[in-house]
Amino acid sequence: MAGLLEGKCGLITGGGSGMGRAIAQLFTSEGAKVLIAGRTVAKLEETRKLVREAGGVCEIMKVDVSVEEQVKAMVDRTVELFGTLDFACNNASIETTNQPIWERDTDSVREVMEADFYSVFYGIKYESAVMVKQGHGSIVNTTSGAGTVGVTNMDPYAAAKAAANNLTLSSAMGLGAHGVRVNAILPGLTLTPMVQQLKEHHPAFAAEMEAAIPMERMNTPEEQANAALFLASDMSSGVTGELLRVDGGYLAGYYNSQKK
């Protein structure tokens, strides 16, 4: 039985670990050929090794997605390798420190905006240029539920994600007539390596955070990858401009954990 992405090719940023690695493993298991990009070559090589050991096709490229020229080169390289760009997952991101806005250094805010918003803009700009010529394509952005609400002392991150969310909606409006779909997954707390360390070093705080989630657990990278697969594949052929929350219900409404 053919996989959901059989014969399709594309790129995944932030592919060296966490959600990006899970997306690469899942997509290739469903028949896709992928180029994964990131800033740390050793981590990209680890992902490539895992994919190839499972029989998948995976190439790597060192890319800083906050640099426009490197994003363009990444898209060009993907087309050069595979001849097409059927999907693109703009997944790379950085977070910010928990800090009052009056104490923030302006350069640090600019860094977050470049990594979390401009990177998505650059991706959509160059990915869509290829996809419009093809007459088809699916772009999946990894943003955040933090971009839909106010987040105390995380102003730059929340603002950047809000901008990326609206960019997803707006570009979907402009690209729909060209056969190009643009959607986003909005992860909640997810068990990436960074969050795993948080649970190990601050178990009480992690338990408190999990208790605030209606499902009373964090999502896994694999669950985020499943959502990305849905949006990248033909299963969602009628879906564009969707901001899909994958957060265990955290933003569904007001919630108090009731312990029995």
Side-chain angles (χ1 to χ4, degrees), residues 11-20 37-40 43 62-75 88-128 139-172 174 182-190 192-198 201-202 205-206 209 212 218-219 221 224 228 241 243-247 250-251:
L11 63 88
I12 302 162
T13 67
S17 64
M19 287 183 279
R39 293 186 294 185
T40 307
K43 291 183 177 180
K62 183 178 181 179
V63 175
D64 181 344
V65 293
S66 68
V67 179
E68 182 173 2
E69 293 79 9
Q70 293 189 30
V71 175
K72 182 181 185 301
M74 171 186 68
V75 173
C89 294
N90 299 312
N91 171 73
S93 176
I94 65 171
E95 294 186 349
T96 188
T97 55
N98 190 302
Q99 189 177 22
I101 193 167
W102 62 85
E103 295 180 359
R104 286 201 180 276
D105 176 74
T106 301
D107 287 339
S108 70
V109 176
R110 187 175 292 112
E111 180 184 16
V112 172
M113 290 300 296
E114 288 175 348
D116 291 0
F117 170 66
Y118 278 100
S119 64
V120 179
F121 167 72
Y122 299 147
I124 296 174
K125 175 181 178 179
Y126 292 107
E127 293 152 6
S128 66
I139 297 173
V140 182
N141 303 318
T142 302
T143 62
S144 173
T148 67
V149 296
V151 184
T152 305
N153 293 338
M154 295 283 284
D155 318 80
Y157 179 79
K161 293 300 186 179
N165 284 340
N166 194 276
L167 182 64
T168 298
L169 301 176
S170 298
S171 56
V182 188
N183 296 288
I185 57 172
L186 281 58
L189 286 165
T190 302
T192 59
M194 181 177 66
V195 175
Q196 289 279 18
Q197 288 184 351
L198 175 70
H201 297 144
H202 305 281
F205 178 59
M209 290 194 300
M218 299 182 191
N219 286 107
Q224 303 297 345
L243 304 179
L244 179 58
R245 295 193 309 243
V246 188
D247 64 358
Y250 184 74
L251 291 177

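The first residue in the sequence is number 1, and the count goes up from there. Every heavy atom of this structure was used, including side-chain atoms; hydrogens, water molecules and symmetry mates were not.
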Open item on the list: Once rounded to the nearest 0.5 Å, what's the spacing between atom CE of M113 and atom NZ of K161?
Closed with: 11.0 Å

Open item on the list: Contact between L11 and V75 at the side-chain level, heavy atoms closer than 4.5 Å - yes or no?
Closed with: yes

Task: Interatomic spacing from CD1 in I185 to CG in N91 - rounded to 0.5 Å - done: 6.5 Å

TODO: Please answer whether the main-chain N or O of Y126 pairs with a side-chain N or O of S128 as donor and acceptor at a distance below 3.5 Å.
DONE: no

Task: Nearest-0.5 Å distance that lies between atom CD in E127 and atom CD1 in I139 - done: 5.0 Å

Task: Rounded distance (nearest 0.5 Å) linking atom CG of L167 with atom OG1 of T143 - done: 10.5 Å

Open item on the list: Could you walk me through whether V71 and K125 satisfy the side-chain contact (heavy atoms from CB on, under 4.5 Å) test, starting with their C-alpha distance in whole Å, then the side-chain angles of each, then the deciding distance to 0.1 Å, before giving a yes or no?
Closed with: CA-CA 10 Å; V71 175; K125 175 181 178 179; over 6 Å; no

Open item on the list: Counting only heavy atoms from other residues, nucleotides and ligands, does the tally under 6.0 Å from OH of Y118 exceed 12?
Closed with: no

Open item on the list: Would you say that P100 contacts N153 through its side chain, given a criterion of any heavy-atom pair below 4.5 Å between the two side chains?
Closed with: yes

TODO: Measure the acute angle between the ring planes of F121 and F117, then classify it against the limits of 30° and 60° as parallel, tilted or perpendicular.
DONE: parallel

- [ ] Drop me the distance from E95's CD to Y157's OH, to the nearest 0.5 angstrom.
- [x] 5.0 Å

TODO: Verify, without hydrogens or angle tests, whether Q70 (side chain) and D64 (backbone) share a donor-acceptor contact under 3.5 angstrom.
DONE: yes

Open item on the list: Are the side chains of D116 and S93 in contact, using a 4.5 Å heavy-atom criterion?
Closed with: yes

Task: Non-hydrogen side-chain atoms of V109 and D155 separated by less than 4.5 Å - done: no

Open item on the list: Give me the atom names and distance for the closest heavy-atom approach of A172 to V182.
Closed with: CB-O, 3.6 Å

Task: Minimum heavy-atom distance A164-V120, with the two atoms named - done: CB-CG2, 4.3 Å

Open item on the list: Could you check whether any side-chain N or O of Q224 sits under 3.5 Å from a backbone N or O of N219, counting only pairs where one atom can act as donor and the other as acceptor?
Closed with: no

Task: V65 to A92 - nearest heavy-atom pair and separation - done: CG2-CB, 3.9 Å

Open item on the list: Please determine whether the number of non-hydrogen atoms from other residues, nucleotides or ligands lying under 6.0 Å from atom CZ of R104 exceeds 12.
Closed with: yes

- [ ] Please report the closest heavy-atom contact between A146 and A158, naming both atoms and the distance.
- [x] O-CB, 3.4 Å

Task: Minimal non-hydrogen separation, P221 against T190, with atom names - done: N-CG2, 3.6 Å

Task: Smallest separation among heavy atoms of S119 and S66, with atom names - done: CB-N, 4.5 Å

Task: Sequence-distant partners of L169, side-chain contact (heavy atoms from CB on, under 4.5 Å), two or more places apart - done: L243

TODO: Look only at the side chain of N183 and the backbone of G241, and say whether a donor-acceptor pair between them is shorter than 3.5 Å.
DONE: yes

TODO: Apply the side-chain contact (heavy atoms from CB on, under 4.5 Å) test between E111 and each candidate in T106, I94, D105, T96; give the one that qualifies.
DONE: I94

Task: I12 side, atom CD1; M19 side, atom CE - distance, nearest 0.5 Å - done: 12.5 Å

